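Everything quoted here is computed from the prediction, not taken from an experiment.
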Amino acid sequence: MKSKNILITGASSGIGRETVRYFASRGWKVAATMRTPEKAGDLVNIPGVAIYPLDVTQPHRAEQTILKAWEDMNGIDVIVNNAGYGALGILEGAGDEQIIRQFDTNVLGALRIIRYILPLMRKRRKGTIINLSSIAGRMGLPLYSLYHASKYAVEGFTESLFYELHPFNIKVKLIEPGPVRTEFNGRSKDDILPPDDNRYIAISQKVSHFYNNSFKYAAQPTVVAKTIYRAATSGTDKLRYPAGFQAKLILLLYRILPGTWFRKLTRILINI
């Protein structure tokens with residue numbers, strides 16, 4: 001069987017890194033892209049993996065990398081928009097820089113990569129675009145307002161692209177993880193400091209405590225990598241792929257419970 005080619009953004013750690021490993025282990029050629037190629041580590045030693053510098057917030061350089069990878073690999077079958085950023089906290093405390101970075105990375109970054117790859121895929125009349133969303137793109141939870149806004153946007157434009165790209169045999173997919181054991185809830189998280197208000201501070205403390213506990217039972221990045229692989233190889237028009245037990249359970253509860261019940265349950269669990 002002819003080897004297939006995939007390009008993955010945000011491949012230096014977490015879900016992106018495990019996805020590189022998983023696809024390479026199955027014989028795929030992988031363009032692993034990251035802002036700092038020096039962080040590639042042992043990925044450089046994996047057969048079939050090539051490292052490329054790519055910052056989704058730098059349009060011209062990102063386009064150059066996409067074109068270079070396409071030429072080097074003689075085409076790209078699947079592209080995974082995994083690069084992401086999370087500014088978490090009370091909205092009133094957010095600065096313009098955090099708001100702009102949230103959308104520039106999660107939304108505009110993905111849109112840029114898609115725009116650059118589409119003319120190439122369209123000429124070949126085939127390809128798959130996989131966008132990393134989250135259960136945060138399907139529901140709202142406290143302290144995630146900026147992150148939710150970006151993931152809701154990803155959900156919306158991806159579903160719209162389903163119709164636009166169907167005539168060209170280009171498939172689009174959404175991956176929706178719940179909590180995952182990555183640096184997202186650690187050093188990669190950008191905490192928004194709450195305004196000097198005792199109620200805001202109390203909410204922030206309770207919510208942070210709840211999330212920290214929930215991440216103790218989070219899925220491993222490999223679970224998400226396997227879901228991405230399933231989406232890339234399914235050959236169907238299925239759009240959404242929840243990843244991990246927590247994601248499936250939370251989305252099920254969100255779907256079957258009345259909205260008022262779900263929000264009340266959330267408040268009770270977090271004690272706010």
Short side-chain to backbone donor-acceptor contact, Ser160 and Gly156, under 3.5 Å: no
Sub-6.0 Å ring centroid separation between Phe157 and Phe162: no
Tyr22 backbone acceptor or donor facing Ser25 side chain under 3.5 Å: yes
Side chain to side chain donor-acceptor pair (under 3.5 Å) between Ser133 and Glu176, intermediate numbers included: CA-CA 5 Å; Ser133 180; Glu176 299 171 331; 4.9 Å; no
Do the side chains of Asp72 and Lys29 get close enough for a salt bridge, i.e. N-O under 4.0 angstrom? no
Any donor and acceptor pair, going by atom type alone, linking the side chain of Asn5 with main-chain N or O of Gly75 inside 3.5 Å? yes
Apply side chain to side chain contact (heavy atoms under 4.5 Å, CB included) to Leu67 and Tyr116, showing your working. CA-CA 8 Å; Leu67 295 175; Tyr116 302 149; over 6 Å; no
Does the side chain of Thr33 come within less than 4.5 Å of Pro53's, by heavy atoms? no
Please check if any side-chain donor atom of Asp104 sits under 3.5 Å from a side-chain acceptor atom of Tyr85, or the reverse. no
Lys264 charged N/C atom sitting above Phe262 aromatic ring, 6.0 Å / 45°: no
Name the orientation class of the two ring planes belonging to Tyr152 and His148 (parallel below 30°, tilted from 30 to 60°, perpendicular beyond 60°). perpendicular
For Lys226, does the NZ atom sit with more than 12 other heavy atoms under 6.0 Å from it, leaving out its own atoms? no
Would you compute the distance between atom CG of Leu161 and atom CD1 of Ile129 and round it to the nearest 0.5 angstrom? 6.5 Å
Hey, are Glu159 and Arg240 close enough for a salt bridge, meaning a charged N less than 4.0 Å from a carboxylate O? yes
Any non-hydrogen side-chain atom of Val56 less than 4.5 Å from a side-chain atom of Thr105? yes
Looking only at the side chains, is there a donor atom on one of Lys173 and Ser234 sitting less than 3.5 Å from an acceptor on the other? yes
Any heavy-atom pair between the side chains of Tyr147 and Gln102 that's under 4.5 Å? yes
Do the side chains of Ile175 and Val224 get nearer than 4.5 Å, heavy atoms only? yes
Is there a path of hydrophobic side-chain contacts, each under 4.5 Å between heavy atoms of I, L, V, M, F, W or Y residues, that connects Val30 with Ile130? yes
Any side-chain heavy-atom pair from Phe23 and Ile228 closer than 4.5 angstrom? yes
Mind checking whether Ile268 and Leu257 sit in one hydrophobic cluster, side chains of I, L, V, M, F, W, Y counted as touching below 4.5 Å? no
Between Asn82 and Thr9, do the side chains contain an N or O donor and an N or O acceptor separated by less than 3.5 Å? no
